[in-house]
Each structure stands twice: as structure tokens, then as C-alpha cells.
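Right, one structure below, let's go through it.
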Amino acid sequence: MERALPKHIAIIMDGNGRWAKKRFLPKKIGHKAGADALKKLLEKVEKTDIEHITVYAFSTENWKRERQEIDDLMNLLKDYIGQYIKDNETSNLKIDTIGDISVLTEDLQKDLAYLKEISKEKTGLSLHIALNYGGRDEIVRAVKNIANDVKTNNICADNITEELFSSYLDTKEYNDPELVIRTSGELRTSNFLIWQSAYSEFYFTDKLWPDFTFEDLQQAIYSYQKRERRFGGRLDSQC
Ligand code: IPE
Ligand code: IPE
Ligand code: MG
């Protein structure tokens with residue numbers, strides 16, 4: 001029997017730079033094509049029973065890139081948010097972010113806060129945008145908050161469990177992704193959801209992100225549905 005649709009899919013949207021290079025275009029155009037690919041994909045995902053999509057948009061390590069590329073990415077993000085705010089009346093998509101957005105410009109933070117506010121009343125697909133996100137950074141931030149709560153006697157160190165730890169992560173409000181997809185042929189997580197993907201199924205494709213379509217997503221889901229998930233146990237054993 002085939003497994004049900006994953007409720008939460010996480011995507012490492014990689015390959016914008018190579019997509020542009022192949023066409024002798026500036027990287028900026030590749031990133032724009034990537035943003036358009038996401039928009040098109042979401043329009044179709046919204047019509048399915050998938051509940052959460054988390055996308056890796058900017059990592060804690062992406063600050064190592066040239067200033068110009070970073071600025072282009074931030075401007076693109078601003079446009080994306082602006083567009084969503086404009087479409088607010090007609091869209092039922094809920095958007096929030098994971099990652100430490102406190103280092104982004106005040107302007108961008110304001111837009112993101114407004115976006116989250118208007119998203120509250122939405123009931124459709126949840127899009128979680130990973131922005132200045134790094135799995136290690138998220139874990140360190142969680143540890144700091146736990147340490148603080150131990151210090152102020154809000155929690156007792158003996159009561160720290162995996163569940164409690166998870167409740168200090170940016171993703172505390174929803175379940176871990178059943179499926180993680182990475183485009184562009186790279187076979188690594190690059191610091192994405194490293195705690196949450198402990199038992200996720202991974203799907204890698206050579207397709208560059210701007211070329212990734214809903215049909216590619218269906219193929220990834222189909223691959224996921226055929227897999228045997230054991231979580232360390234044995235499927236043929238009842239004891
Ligand atoms: C992914 O595309 C987008 C971000 C990391 C922001 P890349 O820009 O990493 O594309 P490649 O890996 O250079 O092709
Ligand atoms: C991962 O892609 C980050 C995002 C997609 C935002 P990178 O292109 O930054 O990853 P590496 O450098 O190839 O590992
Ligand atoms: Mg890359």
C-alpha cells in the first residue's frame with residue numbers, strides 16, 4: 001500500500017546561480033527565476049492536502065557571498081513579500097519565517113512582521129521561509145533559551161527531553177518534515193533542519209531550482225510513498 005501524502009515537505013532550493021550561468025545571465029536573474037518557480041509551484045501545492053512547505057531561502061552561511069548578490073537576494077525577498085501583501089485579499093497562504101531575522105534591515109523586519117500578522121487569519125497552506133537560517137544556529141539559540149529558563153527556575157534540567165528541546169526550536173508549532181528535497185545535484189543538507197530531518201526521507205534531483213515544477217514535486221512524493229520507513233524498528237516484527 002502506498003503511503004499517504006507527506007503533510008510537511010522541506011525544500012533546499014539550490015541551483016539558481018548555475019541556472020543563470022548556463023544562460024550567460026547575471027545571478028540576479030537566476031534568483032528571480034527561482035522565486036518565480038516557487039510561486040508557480042505553490043499555486044499548485046495549495047490545491048493539495050499538503051499542509052506545510054518549508055523553503056531554504058537564505059542560510060547563515062550565505063552572508064559569505066558578495067555584497068551585491070546578498071543585496072539582490074534581499075531586494076527580491078522584499079518584492080516577494082510586497083506582492084504577497086498586495087494579493088492578501090485573494091490568497092489563503094499563511095507565511096512565516098524560521099531563522100534569526102533580527103539581523104535583517106528594519107524595513108524588511110517590519111514587512112515580515114506585517115506579513116505574519118495578516119497570515120494569522122489564513123487557513124490554507126503554510127509556507128515557512130528559512131531566512132538567515134542555520135540548523136546549528138537554531139540549536140545554539142535553543143540551548144541559550146533553555147539555559148536561561150533553567151537559571152530562572154522555569155524548567156528543571158532533569159526534565160529536558162527531546163520533546164522539550166523541540167519546543168525551543170523555530171519549528172515548534174508543526175511536525176518535522178516527512179520529506180526533504182534538494183535540487184541541483186548536491187548531496188548534502190548545508191545546515192538545513194538538521195534536528196528536524198533526523199528521520200526524514202531525502203530526495204535529490206539534478207534539476208536546477210528554477211526548472212523545478214509541480215511534476216517534479218509529484219515525482220519526489222511518489223518516490224517517498226514507495227519507501228519503507230522503519231524509524232529504527234522492524235516492520236515485520238510485532239514485539
Ligand atoms: C540557491 O541557489 C539560492 C541561495 C543559496 C540563496 P545558488 O545561488 O546557491 O545556486 P548555485 O548553487 O550557485 O547554482
Ligand atoms: C543552501 O544552498 C542554501 C540555500 C538554498 C538557501 P548553498 O548553495 O548555500 O549550499 P552549499 O554552499 O552548496 O552547501
Ligand atoms: Mg548553491
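Counting convention: from 1, in listed order, for ligands and their atoms alike. Quick caveat: nothing in here was measured; it's all calculated off a predicted structure. Any value given below was found using the heavy atoms of this structure, including those in side chains, with hydrogens, waters and symmetry copies removed.
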Self-check item: ligand 1 contacted by Gly15 (non-hydrogen, < 4.0 Å)
Solution: yes
Practice problem: May I ask you to test the Phe192-Arg182 pair for a side-chain heavy-atom distance under 4.5 Å? | Solution: no
Quiz item: At a non-hydrogen distance cut-off of under 4.0 Å, which region of Arg182 contacts ligand 2 (side chain, backbone, both, or neither)?
Solution: side chain
Quiz item: Contact between Ala20 and ligand 1, counting heavy atoms under 4.0 Å?
Solution: no
Self-check item: The single option from Lys226, Gln219, Arg227 passing side-chain hydrogen bond (donor to acceptor under 3.5 Å, both in side chains) against Ser223
Solution: Arg227
Quiz item: So which heavy atom in the protein is nearest atom 2 (O) of ligand 1, and how far is it from that ligand atom?
Solution: Asn16 N, 3.3 Å
Quiz item: Considering only the protein, which heavy-atom contact is closest to atom 6 (C) of ligand 1, and what is its distance?
Solution: Ala57 O, 3.3 Å
Quiz item: Identify the closest protein heavy atom to atom 14 (O) of ligand 2: which residue and atom is it, and at what distance?
Solution: Ser190 OG, 2.6 Å
Quiz prompt | Within 45° cone of Tyr199 ring axis and under 6.0 Å: Arg229 NZ or CZ | solution = no
Quiz item: Which atoms of ligand 2 sit under 4.0 Å from any heavy atom of Arg188?
Solution: 11 (P), 13 (O), 14 (O)
Self-check item: Residue selection (non-hydrogen contact nearest atom 9 (O) of ligand 1) among Met13, Arg65, Glu69
Solution: Arg65
Practice problem: Identify, for atom 10 (O) of ligand 1, the protein heavy atom at the shortest distance, and state residue, atom and that distance. | Solution: Gly17 N, 2.9 Å
Quiz item: Does an N or O anywhere in Tyr56 fall below 3.5 Å from an N or O of ligand 2?
Solution: no
Quiz prompt | Numbered atoms and elements of ligand 2 in range of Asn62, under 4.0 angstrom, heavy atoms | solution = 3 (C), 6 (C), 9 (O)
Quiz item: So, Glu201 and Gln225: side-chain donor and acceptor under 3.5 Å apart, yes or no?
Solution: no
Practice problem: Tell me, with the steps shown, if Tyr224 and Tyr203 meet side chain to side chain contact (heavy atoms under 4.5 Å, CB included). | Solution: CA-CA 8 Å; Tyr224 160 83; Tyr203 181 86; over 6 Å; no
Quiz item: So, Asn16 and Lys28: side-chain donor and acceptor under 3.5 Å apart, yes or no?
Solution: no
Quiz item: Looking only at atom types and distance, does a side-chain atom of Thr183 sit under 3.5 Å from a main-chain N or O of Met13, one as donor and one as acceptor?
Solution: no
Self-check item: Sub-3.5 Å N/O-N/O distance, Ser59 and ligand 2
Solution: no
Practice problem: Confirm or rule out an N/O/S atom of Glu186, from backbone or side chain, lying less than 2.8 Å from the Mg ion (ligand 3). | Solution: no
Exercise. If you have a sec, work out which protein heavy atom is nearest atom 12 (O) of ligand 1 and how many Å separate them, to one decimal?
Key: Arg18 NH2, 2.8 Å
